[in-house]
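Written below as structure tokens is the structure these notes are about.
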Amino acid sequence: MKEKQAIRVTLLLSCLVLVTNAKGISYKRYGEDNTRVLPYRQVKKTIQMKGGDIYDCIDVNAQPSLTHPRLKNHKIQMQPSSFPVGLDMESQLPHYVSEVQPYIMDCPIGTIPILHNNRSGNVEHSIDGVNSMDIQTEAAGIRYYDAVFGARAIINVYEPRVNKDSKDLSAAWLQINNGGGEHTDRIGAGVEVNPSFSGDTFVRFHISWTDGLDKKSCLDHSCPGFVQVDHKSGLGARLQHVSVYGGRQFAMTLSIFKDEKSGNWWVAYGKNNTPFGYWPSALFSFLNYKGHFVFWGGFVQGPTVSSNAPQMGSGHFASEGYGKAAYIRNAQILNENNKYVTPEDNVKLDHGTSNSTLYTVDKFEAHTPGMTIYYGGPGLV
């Protein structure tokens, strides 16, 4: 039994890289904030969100992502050519759970919101099997090892406690990989508390990816590559609501799927499966056709995880169940027929935790609407 658990932990840590209303909004003239780096001609409007976040509405065709050398002459795809069979999960969200999404900022059509953030360049968000003095990681959730063309889930949204002065983070995540070892392409989306990136301890919506050939990891718009098309929400945006321990529960619907015609990897969110943006297939050497690994669950990461591990999920152990422990619900994979299905092969499917003292998993089920698992824990905070 111990040997099997050790194998599970090794597989977990070797395969993942987990690279986060108009009411209350005010508008600012360009030039009022000296952190802006975008040319004036690109900024159509600037929005200050409740809480202080500032977003620039820029021309969708002038977004920084298009400066990536592999996207020269790239023509933006504003909508998926088609949606996977069974993508609609609105009816599958329990009546006692409320759907949550990032704050709406409503940039003009033809523009996208870009958050003011001084972070740029390579942002390491990786689990590569061996922890170092700089990066330590723990994770808990479900793993699937086989060919996939997408994945989806309903993610219970909490705001785990993370030390604001640390460089640690805590996330609820959906991720797809392909490749091997250090040359692995990765794409992921979810919500996380990441003080060193966002400057606060609010839970936020993020995407990440890793170019396995160049061994470069990126978060949101920290480097060019991910193409955004949604004009109503932005990367790094706070969530409208978060779940309360023992109280009202909120969840976010997320899906990542490969476009059958263009080959691009799309991210969609919310009960209406709003297309947010995509990773062009040209970015990848190993994910340009399909994925070969999926992760659904939570992870914590940073330089002080071993000594001061942050909370994961709700900050409570999985055994406490609904309303008290965080969950992943309706987790499914997209097969070669562009249809969402629940994995049935137990040899290709696994669930567990890398550190059962700090974080646990419980109540795993696999049924027609998708897999369910509770996860999380208090860490050492």
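Counting begins at 1 with the first residue of the sequence. In this text, all values refer to a predicted model and were calculated from it rather than measured experimentally. As a basis for the values below, the full set of heavy atoms in this structure was taken, side chains included, without hydrogen atoms, waters or symmetry mates.
Nearest heavy-atom pair across Ser314 and Ala325 is OG-CA, 3.5 Å. The two residues Ser170 and Pro160 come nearest to each other via the heavy atoms OG-CG, 3.5 Å. Minimum heavy-atom separation, Gly190 to Leu254: CA-CD1, 3.6 Å. In terms of heavy atoms, Ser82 sits closest to Asp259 at N-OD2, 4.4 Å. In plain terms, the two heavy atoms of Met252 and Tyr269 that are nearest each other are CE-CB, 3.9 Å. Taking both residues in full, the closest heavy atoms of Phe83 and Asn338 are given as O-ND2, 3.8 Å, listed atom of the first, atom of the second, then distance.
Taking CD1 of Ile47 as the reference point, atom CG of Asp106 lies at 7.0 Å (rounded to 0.5 Å). Expressed to the nearest 0.5 Å, how far CD1 of Ile112 lies from SG of Cys57 amounts to 9.5 Å. In this structure, CD1 in Ile142 is found 10.0 Å from CG in Asp350, a value given to the nearest 0.5 Å. In this structure, the separation between CG on Leu334 and CD on Glu336 is 9.0 Å, given to the nearest 0.5 Å. Met105 contributes atom CE, which lies 11.0 Å from atom NZ of Lys45 (distance to the nearest 0.5 angstrom). Going from atom CD of Gln301 over to atom CZ of Phe299 covers 5.5 Å, rounded to the nearest 0.5 Å.
Checking Gln228 against Asp230 by side-chain atom types alone, no donor-acceptor pair falls below 3.5 Å. Counting only N and O atoms by type, the side chains of Asp362 and Ser319 include no donor and acceptor under 3.5 Å apart. A donor-acceptor contact closer than 3.5 angstrom is absent between the side chains of Ser222 and Asp220. Side-chain contact check for Gln48 and Tyr55: no donor-acceptor pair (N or O, by modelled atom type) lies under 3.5 Å. Under the 3.5 Å distance criterion, with hydrogens and angles disregarded, a donor-acceptor pair is assigned to the side chains of Ser98 and Arg248.
Hydrophobic clustering, with ILVMFWY side chains joined whenever heavy atoms are under 4.5 angstrom apart, keeps Val148 apart from Phe286. Hydrophobic cluster membership is shared by Tyr144 and Met371, with clusters built from Ile, Leu, Val, Met, Phe, Trp and Tyr side chains linked at under 4.5 angstrom. Side-chain heavy atoms closer than 4.5 Å link hydrophobic residues (I, L, V, M, F, W, Y) into clusters, and following such links, even through other members, never connects Tyr158 to Leu174. Taking hydrophobic clusters as Ile, Leu, Val, Met, Phe, Trp and Tyr residues chained together by side-chain heavy-atom distances below 4.5 Å, Leu380 shares a cluster with Tyr375. Residues Leu66 and Met78 share a single hydrophobic cluster, defined by chaining ILVMFWY side chains whose heavy atoms lie under 4.5 Å apart.
Side-chain contact between Asp185 and Thr210 is absent, with no heavy atoms from C-beta onward closer than 4.5 Å. Cys223 is listed as a side-chain neighbour of Trp209, based on a closest heavy-atom distance under 4.5 Å. No side-chain heavy atom of Ile373 sits less than 4.5 Å from a side-chain heavy atom of Trp296. In this structure, the side chains of Ile154 and Ile328 stay at 4.5 Å or more apart for every pair of heavy atoms. Leu115 has its side chain out of reach of Leu235: every pair of non-hydrogen atoms, C-beta onward, lies at least 4.5 Å apart. For the pair Lys215 and His183, the minimum side-chain heavy-atom distance is below 4.5 Å. Within the 4.5 Å cutoff, the side chain of Ser65 has heavy atoms near those of the His221 side chain. Taking 4.5 Å as the limit, some side-chain heavy atom of Pro280 sits within range of a side-chain heavy atom of His74.
No more than 12 heavy atoms of other residues, nucleotides or ligands sit less than 6.0 Å from atom NZ of Lys164.
Ring orientation note: the planes of Phe250 and His241 are close to parallel, at an angle under 30° on the 30°/60° scale. Under the 30°/60° scheme for interplanar angles, the aromatic rings of Phe257 and Trp266 are found to lie parallel.
His292 and Tyr145 have their aromatic ring centers separated by at least 6.0 angstrom. Ring centers of Tyr289 and Phe149: under 6.0 Å apart, within the cut-off. Taking the six-membered ring wherever Trp is involved, the centroid distance between the rings of Phe226 and Trp279 falls below 6.0 Å.
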Legend entry - Worked check of side chain to side chain contact (heavy atoms under 4.5 Å, CB included) between Ile176 and Leu287: CA-CA 9 Å; Ile176 299 174; Leu287 266 175; 4.1 Å; yes

Inset, instruction - Given side chain to side chain contact (heavy atoms under 4.5 Å, CB included), test Thr342 with His367 step by step and report yes or no. - result: CA-CA 7 Å; Thr342 302; His367 39 68; over 6 Å; no

Inset, instruction - Please lay out, stage by stage, how Asp200 and Ser198 fare under the test side chain to side chain donor-acceptor pair (under 3.5 Å). - result: CA-CA 6 Å; Asp200 55 41; Ser198 64; 3.2 Å; yes

Inset, instruction - Could you please spell out the steps behind the side chain to side chain contact (heavy atoms under 4.5 Å, CB included) verdict for Thr184 and Phe293? - result: CA-CA 11 Å; Thr184 300; Phe293 170 83; over 6 Å; no

Inset, instruction - Decide side chain to side chain contact (heavy atoms under 4.5 Å, CB included) for Leu349 and Arg143; before the verdict, give the C-alpha distance in whole Å, the side-chain angles of both, and the deciding distance to 0.1 Å. - result: CA-CA 6 Å; Leu349 188 65; Arg143 300 165 297 281; over 6 Å; no

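Applying the side-chain contact (heavy atoms from CB on, under 4.5 Å) test between Val191 and each of Val242, Val203, Val100 identifies Val203 as the sole match. When Arg152, Arg329, Glu99 are each tested for a side-chain hydrogen bond (donor to acceptor under 3.5 Å, both in side chains) with Thr253, only one passes: Glu99.
Judged by the 6.0 Å and 45° rule, Arg238 forms a cation-pi pair with Phe202.
Looking only at distances, no side-chain donor or acceptor of Asn330 sits under 3.5 Å from a matching main-chain atom of Gly370. Looking at Thr372, its side chain never comes within 3.5 Å of a backbone N or O of Phe364 through a donor-acceptor pair. Listed for the Asn177 side chain is no donor-acceptor partner under 3.5 Å among the backbone atoms of Arg186. Remark: side-chain polar atoms of Gln79 are not paired, donor with acceptor, to backbone N or O of Gln77 under 3.5 angstrom. Counting only distance, with no hydrogens or angles, the side chain of Gln136 and the backbone of Ser306 share a donor-acceptor pair below 3.5 Å. Using a distance-only test at 3.5 Å, with no hydrogens or angles considered, no donor-acceptor pair links the side chain of Asn272 to the main chain of Thr274. Panel note: side chain Gln311, backbone Arg161; a donor-acceptor pair is recorded below 3.5 Å. The closest donor-acceptor contact from the side chain of Lys258 to the backbone of Asn288 lies under 3.5 Å. Distance alone, capped at 3.5 Å, is enough to place a donor-acceptor pair between the Asp59 side chain and the Asn61 backbone.
Using a 4.0 Å cut-off between charged nitrogen and carboxylate oxygen, Asp211 and Arg70 count as a salt-bridge pair. Between Asp53 and Arg204 there is a salt bridge, with a side-chain nitrogen of the basic residue lying less than 4.0 Å from a carboxylate oxygen of the acidic one.
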